[in-house]
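What follows is a single structure, written as structure tokens, with notes after it.
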Amino acid sequence: MEAFHLLSRGGALFDKKRFKKDVQLFDKSKSQDKGKGVAKPATDGELPTELDFFKYAQGGSAKRKTDGDSQHKAKKARLDEDMDVDEDAENVGAPEEGEPSSSVPRQRVTAKGNNVPEALYTFAELGSKYNIPSRLLQNLEASGYKQPTGIQAHGVPILLEHRDLAAISPTGTGKTLSYLLPLFASLAAPNSGSNPEHGRGVRALVLAPTRELAHQIHNECLKLAQGRKWRIVLFSKATAATLADKNVRDKVDIIISTPLRMVAALQSGNLELSNVRHLVLDEADRMLDPEFLEQVREVVAACSHPRVQKAVFSATLPANAEKIAMDMLTDPIRVVVGLKDTPLPLIAQSLTYVHDDSSKLPTLLQYLAQPYNPPVLVFVSTQPRASSLAEELVLSGVQNVDCLHAGMSKKEREDAVSRMRKGESWVMVTTEVMARGMDFKGVREVINYDFPQSVQSYVHRIGRTGRAGREGKAVTYFTDEDAPFLKTIANVILQSGSTVPDWILKLPKPSKMKRREMGKVKRADAVNAARRIGRQDAIKKRDMIKGSQRRKERAMQPARRQRDEGKASDVGEDAE
DNA sequence: AAAAAAC
């Protein structure tokens, strides 16, 4: 039981020091055939933002040949055509000038609301029309931003005109800059504390669901803040404490925070939000989940400035979340880029049948034994499963395995992200904590080791690849137990231009009763698995791996068959 | 429908 608690807190099982020796051993023994099994890892350094980001808009040559799936490409092209037709037909966001000549997804954009400001397709236009400080435009250019993406072209003018906004745009299409650029432009200058227009205290607040994402947003802020003395605070216990000093507190410009951290600060009495004029909810649907909603409402209520501008952003916004969001906004404009709740066509998706949970590990090991594009992001459903899978991969000789979940210490989490950014992680095993917002430019492949629990989860997880116009690949394992949810995900895959085996689409829609039953089975399994993992017996675990490798033979047969079927059949026209 | 994440 104690072991289980340790595990839940995280890090206990995947102890770097403990396994360092093993890792080094494996490094040496495998160093000769390193180049043959694993492609050179792509790092952020190899793909700087400035080179890659706007390939998406410009129709450039960022395309990589990840596989020879020409059907996928053909399908994708058809989808793009459809989108263009839609765009013209609706005459929304159809650009006249300055539009990059593009053969890449020019996704349909719809903007609904009162007096929708005109979209602007160059940052220069934005500069002249809205009088954006030249320094900000310089920083933009220095950071490599050349051409606005769809959401930037439409969203930035809306926010610059101080309107409320609900923005829905696919993963990796530049949502962060869509709200940060107008934020800096609207704030105009750092708060000196003596400018009556600026008032006293923090003027802008960005909320995000995870520490890692808040950190990443903060980094983006710093790029735009170059050369001016902006006070931008990444909220933590430590930085919150510095705000006890009123002189510091009064001059803060922007705070980036997670909701609960903000609530804690409000309750401590060290922070007031009555001067906040810009409030952004990133990953809005996640922030409006029942667990976050009360906290978020509390923060929103504390932003009592009469002219506070509110904006919500996400790639997914289910109806119930959208209702809550729209009720929070004043005379909002709703912008949708592409198709809501749909992955980018750039991501080649497939489903792999693995029979049951014990067949997953051998399937993954086989996958990693063949050439692959590191880093690979592997999603699992719980923290203990993340820790133990990472450990088992290390024990099996996989190189540069990392693990990241919220049960790990702050430092462990920061180190894991840092290794990921440096390209040192080749296989990153993680939970939902990494599913949203995280932008690792090198990620080419995502594996859903555990089936995602919702369409939203699926869309965000696989959206860690295929960012900023690059192509990506996403594989989702499914077991017999996942059957009730298979069809829903299959339809999402189909809608975004990948193919799925015909038989999956013919599955009956499961009844609510059945789904509930399956949920219980899964939960019981998860508990059992956690208990099993709790027994930290390395020998036993090795036996388990051997055992599952023996089972692999059988397991891989159906898996291969599924894959082949998936390639052979194009059932796209039958989409619901 | 359920786990994860938030301090």
Side-chain angles (χ1 to χ4, degrees), chain A residues 7-10 205-217 234-241 255-268 270-271 281-299 318-321 379-387 389 403-410 412-413 416-417 429-438 448-458 460-461 481-489 509-530:
Chain A
L7 208 51
S8 311
R9 275 218 321 276
L205 176 60
V206 180
L207 291 181
T210 63
R211 263 187 235 155
E212 281 77 13
L213 184 52
H215 198 302
Q216 180 181 289
I217 295 165
L234 174 59
F235 227 47
S236 66
K237 209 167 229 168
T239 54
I255 289 180
I256 325 289
S257 178
T258 53
L260 196 54
R261 183 61 259 172
M262 209 70 227
V263 169
L266 285 172
Q267 285 168 356
S268 78
N270 274 345
L271 186 69
L281 298 187
D282 206 344
E283 306 299 342
D285 52 338
R286 179 73 185 92
M287 304 298 279
L288 300 173
D289 267 0
E291 305 85 344
F292 272 132
L293 184 56
E294 279 318 302
Q295 300 162 19
V296 170
R297 282 205 193 281
E298 206 171 314
V299 176
N320 54 346
F379 282 100
V380 298
S381 60
T382 68
Q383 293 179 9
R385 282 177 66 80
S387 300
L389 177 58
C403 180
L404 175 51
H405 61 69
M408 290 159 54
S409 73
K410 197 179 176 217
E412 286 173 316
R413 288 170 70 167
V417 171
V429 184
T430 189
T431 61
E432 285 301 298
V433 73
M434 295 286 279
R436 285 175 177 260
M438 296 310 295
N448 285 317
Y449 188 85
D450 290 337
F451 206 74
Q453 308 280 346
S454 67
V455 168
Q456 289 74 31
S457 166
Y458 178 77
H460 286 279
R461 280 178 176 192
E481 284 181 12
D482 301 317
F485 309 98
L486 191 55
K487 196 183 177 185
T488 318
I489 299 296
K509 239 185 173 176
S511 71
K512 279 187 180 169
M513 278 288 280
K514 186 77 185 166
R515 283 193 212 181
R516 215 165 289 150
E517 246 171 62
M518 299 304 289
K520 272 179 196 158
V521 171
K522 267 186 166 175
R523 216 164 30 247
D525 267 14
V527 172
N528 288 337

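Below, chain A is the first sequence line, B the second, and so on; all start at residue 1.
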Discussion item. Rounding to an integer number of Å, can you tell me how far A:Leu281 CG sits from B:dA6 P?
Written reply: 16 Å
Worksheet item: Phosphate oxygens OP1/OP2 of B:dA1: is one of them under 4.0 Å from a side-chain N or O of A:Ser454?
Response: no
Item to complete: Kindly point out which of B:dA4, B:dA6, B:dC7 is positioned nearest to the side chain of A:Ala264?
Response: B:dC7
Discussion item. So if I take every side-chain heavy atom of A:Thr382 and compare against B:dC7, B:dA3, B:dA6, which nucleotide ends up nearest?
Written reply: B:dA3
Worksheet entry | Nearest-angstrom distance from the residue atom CG of A:Leu293 to P of B:dA4 | 21 Å
Worksheet item: Between A:His405 and A:Thr430, do the side chains contain an N or O donor and an N or O acceptor separated by less than 3.5 Å?
Response: no
Fill in: Sugar-phosphate only, base, or nothing, as touched by A:Pro209 at under 4.0 Å among non-hydrogen atoms
sugar-phosphate
Item to complete: When you get a sec, tell me which of B:dC7, B:dA4, B:dA6 is the closest nucleotide to the side chain of A:Arg413?
Response: B:dA6
Worksheet, complete the sentence: Among the nucleotides B:dA6, B:dA4, B:dC7, whichever has the atom closest to the side chain of A:Arg261 is B:dC7
Discussion item. In this structure, how many angstroms lie between the P atom of B:dA4 and the CD atom of A:Glu432, rounded?
Written reply: 9 Å
Practice prompt. Let me know the distance between CD of A:Gln295 and P of B:dC7, rounded to the nearest Å.
Written response: 9 Å
Worksheet item: Taking the side chain of A:Arg286 as heavy atoms from C-beta outward, which of B:dA5, B:dA1, B:dC7 is closest to it?
Response: B:dA5
Item to complete: Specify the closest pair of heavy atoms between A:Leu266 and A:Leu271, including all atoms of both residues, with the distance to one decimal.
Response: CD2-O, 3.7 Å
Worksheet item: Under 4.0 Å between a side-chain N or O of A:Arg211 and OP1 or OP2 of B:dC7?
Response: yes
Worksheet item: Are A:Ser454 and A:Ser457 linked by a side-chain donor-acceptor pair shorter than 3.5 Å?
Response: no
Worksheet item: Does A:Thr258 have a side-chain nitrogen or oxygen under 4.0 Å from the phosphate oxygens OP1 or OP2 of B:dC7?
Response: yes
Item to complete: Check the distance between B:dA3's P and A:Arg461's CZ and give it to me in whole angstrom.
Response: 13 Å
Fill in: Single hit among A:Arg286, A:Glu432, A:Arg436 for side-chain hydrogen bond (donor to acceptor under 3.5 Å, both in side chains) with A:His460
A:Arg436
Item to complete: Please state how far atom CZ in A:Phe485 lies from atom C1' in B:dA1, giving the value in whole angstrom units.
Response: 6 Å
Fill in: Separation of atom NE2 in A:His405 from atom P in B:dA6, rounded to whole Å
12 Å
Discussion item. On a heavy-atom basis, which atom in A:Ala416 and which in A:Cys403 lie closest, and how many Å separate them?
Written reply: CB-O, 3.8 Å
Worksheet item: In whole Å, what is the span from the CE atom of A:Met262 to the P atom of B:dA5?
Response: 22 Å
